[in-house]
A.B. asks: 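Could you have a look at this structure, given as structure tokens, before my questions?
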Amino acid sequence: MRTVLTLLRKELLLERKVPQLVPAMALFSVTTFVVFHFALQQRDVDGDLAAGILVVTLLFATILGINRLYVADREEGGFDAFLLAPVDRTALGVAKALTLFAFLVLVEFVMVPAFAILLFGPGVGWELVGKLVLVLAMVNVGLSVIGALVGALAIQTRARDLIGPLVALPLLVPVVITAARALSPVLGADGPGAMEGQFLAVLGLYDLVFGLLAYALFDFLLED
Amino acid sequence: MTYGNRLRATSIAAALVLMVAFGLAFFSAKIEADQGFSQKIFYVHVPMAIVALCGFVFGGIMAIQHLRTGLAKYDLKSYVAIHLSVVLGVGVLLTGAIWAKAAWGTWFEWREPTLVSFLIVFLLYCTYQPLRFSIEDPEKQSRYASVFAVTAGAFVPLNFLAVRLADPYIHPRVLNQAGGDLPDSFRLPFYLGILGMALLFSALYQYELSHKNSRAQLRQLRRKLGGEEEAVGRSAAPQVSSS
Amino acid sequence: MSPAPPGEEAAPAIELAGLTRRYGLRAALEDVSLTLPAGATLVVFGPNGAGKSTLLRVLATLLRPHAGTTRVLGHELPKDGWAVRGRVGLLGHDPLLYRDLSPRENLRFHARLHGVGDERVEEVLDAVRLGLRTDDPLHTFSRGMVQRTAVARAILHDPALLLLDEPRANLDPAAAELVEPLIGAASGRTRVISSHDPAGGLAEGDLALGLVGGRTALLAPAGEIDPAQIGALYR
């Protein structure tokens, strides 16, 4: 656990000194909203469409993040340095997932207000924000877990920019399905409606299964 | 090590069972009331899909074995199972498209969760080969491929759950009620179809395994004889050094 | 130095018998056998691609040996890699430091991973004399300065075994002298050094190993070897 904190602190320090990923992901998501506006030719969206745009934008921003998550470690010897230390190797995977989670939260602080201003039709109240935070938190867990695993898988391949998104995208389809379905009543035109629990349940199950799986498998991606 | 022993028997059994199954499907099973003759493709499409999905999961189980033991033969088994299932998957999507066109007038039906989930699973497994190919060190390649295969194997049921939940399904009566109130004249050719497809898979599986192994043995013998090493190109297939 | 567990003191620092490491079907190291007593220095010579770096990485537990027995500091690899990790210091071509962090930040990170206190960080920073630049990001440094920081990183946790891959390649004579007490013979550590410099390497080592194509071409006490024999390895 102490190792995880050490690694997490290093990641956040790196991002604070040379902000790279968070601004890029935030900028990318705002630009994506603009693109959606013109592609769909809509000023105001709500319901299904709003949920879809929000989730897909978050997904693409995450893909951007997954591709860069391990680059500093790969290119500057961080993997070897870590492997030389007498610590539990799974800590790296846990720290990377937490890092991505933290980055996603920061990105959402920009992305969600931008969405509300640029595209979202209905008014925003506390109830909506509360439900949105709940769903986004569960989505972030799934994205972070898959991101930490697939990122580590892709970084050792020759075509890492291709392999990462190619593997991550289908793996994350269930997250998109459940999150979009859970959010569409929340973002409804007549104010936030009731969420259907079954989508959150499956999303939670997804987070749990892949969380455990990634935890069990991560070590194999480090050994040489 | 040879895998060829039962190859001949399995091949003959596969051919026989499939012939009987399709024969029954064509001549004995009643023409389905709603969909007419086109529904016959069901006896190819569904067994193929079931066998392909089982192949994916089997590949995941072999991958677990590989990660646990580190033995190359399990990686080879996982590779062959997934590889064959992807090939079957192409067949599943093609027959599915034909059926959808005949039944609903569209080549793809988004409201059909089984077909949609299968597409997603298929797209995921399509990345297996490129993933292997882009890792040069063979040992690392097989380890990473196994991590992928385990993850994807667990993904198969979870994905089905999520897709099924997302849409109230409209699937043709026959499929969803398989085993339920499926008429008897449908049931026998359907089950025989599954069995035949599984035997076909097994025959192809054994064939590819024995092919890969005899090639490895040949390479080893050649090396012993001549010392002149055959240049091995970069490959996505596991390199087995048989012993 | 962390006290060695009982029984380990007497054991040789490195014992290799038939060590083999493959990349696919190609052997990067084949059938390498040698014994290095604790406190001694092994110099490894050989042309590029001969397996020097592979040997160092196997000894550092970064690569798994595929055949033969490999015992490092009395522990068998890869089985007991956890016991060896943290007791070896690796100084390779790669400094293993984050370029956007300063030497102090980098070393504090490594110190935490190795369970070493921050005062030790200051101690090694003083030893490599980075002066006022200890808080500048590493990417603003010259190669020599980076290498000095890497030396500090390699000895931060006071390793019993140092693995040095051409350690002085980027250092000017003054800097080489500066790091001498840290990674030189006087450091009292067991060392494995890869080198391209026959005379200098032989003077520094107790035992010399010549590798060609992953195989042992030469293995003898350094004092008994003529530098010309080393030169022959490269032909």
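Values below: all heavy atoms of this structure, side chains included; hydrogens, waters and symmetry mates excluded.
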A.B. asks: Quick one: list whatever passes side-chain contact (heavy atoms from CB on, under 4.5 Å) with A:Val30, sequence neighbours left out.
C.D. replies: A:Val110, A:Ala114, A:Leu118

A.B. asks: What's the spacing between A:Leu83 CG and C:Leu113 CG if we round to 0.5 Å?
C.D. replies: 10.5 Å

A.B. asks: Within this structure, what is the CD-CG distance for the pair A:Glu15 and C:Asp100, rounded to the nearest 0.5 Å?
C.D. replies: 10.0 Å

A.B. asks: Just verifying a value: how many Å separate A:Leu14 CG and C:Glu105 CD, rounded to the nearest 0.5 Å?
C.D. replies: 8.5 Å

A.B. asks: Identify which part of C:Arg108 has an atom lying under 4.5 Å from any heavy atom of chain A, answering side chain, backbone, both or neither.
C.D. replies: neither

A.B. asks: What option among C:Leu138, C:Asp94, C:Leu63 has the most heavy-atom pairs under 4.5 Å with chain A?
C.D. replies: C:Leu63

A.B. asks: Please report the shortest heavy-atom distance between A:Lys10 and C:Tyr98, naming the atom on each side.
C.D. replies: NZ-OH, 2.9 Å

A.B. asks: Between C:Arg57 and A:Asp80, what is the shortest heavy-atom contact and its length?
C.D. replies: NH1-OD2, 2.9 Å

A.B. asks: Using non-hydrogen atoms only, which part of C:Leu97 is less than 4.5 Å away from chain A: side chain, backbone, both, or neither?
C.D. replies: backbone

A.B. asks: Can you list every pair that meets salt bridge (charged side-chain N to carboxylate O under 4.0 Å, His left out) and has a residue in residues 132-144 of chain C, with sequence neighbours left out?
C.D. replies: C:Arg104-C:Asp135, C:Arg133-C:Asp136

A.B. asks: Could you tell me which residues satisfy salt bridge (charged side-chain N to carboxylate O under 4.0 Å, His left out) with C:Asp126, sequence neighbours excluded, listed by chain and number?
C.D. replies: none

A.B. asks: So does C:Arg112 get a backbone contact from the side chain of A:Arg2, meaning a donor-acceptor N/O pair under 3.5 Å?
C.D. replies: yes

A.B. asks: Where does A:Leu7 contact chain C at under 4.5 Å (heavy atoms): side chain, backbone, both or neither?
C.D. replies: both

A.B. asks: For chain C, which residues of residues 84-94 of chain A have at least one non-hydrogen atom nearer than 4.5 Å to it?
C.D. replies: A:Leu84, A:Ala85, A:Pro86, A:Val87, A:Arg89

A.B. asks: Counting neighbours of CZ on C:Arg120 that are heavy atoms of other residues, nucleotides or ligands and sit closer than 6.0 Å, is the number greater than 12?
C.D. replies: yes

A.B. asks: Surrounding OH of A:Tyr215 (heavy atoms of other residues, nucleotides or ligands, distance under 6.0 Å), is the total greater than 12?
C.D. replies: no

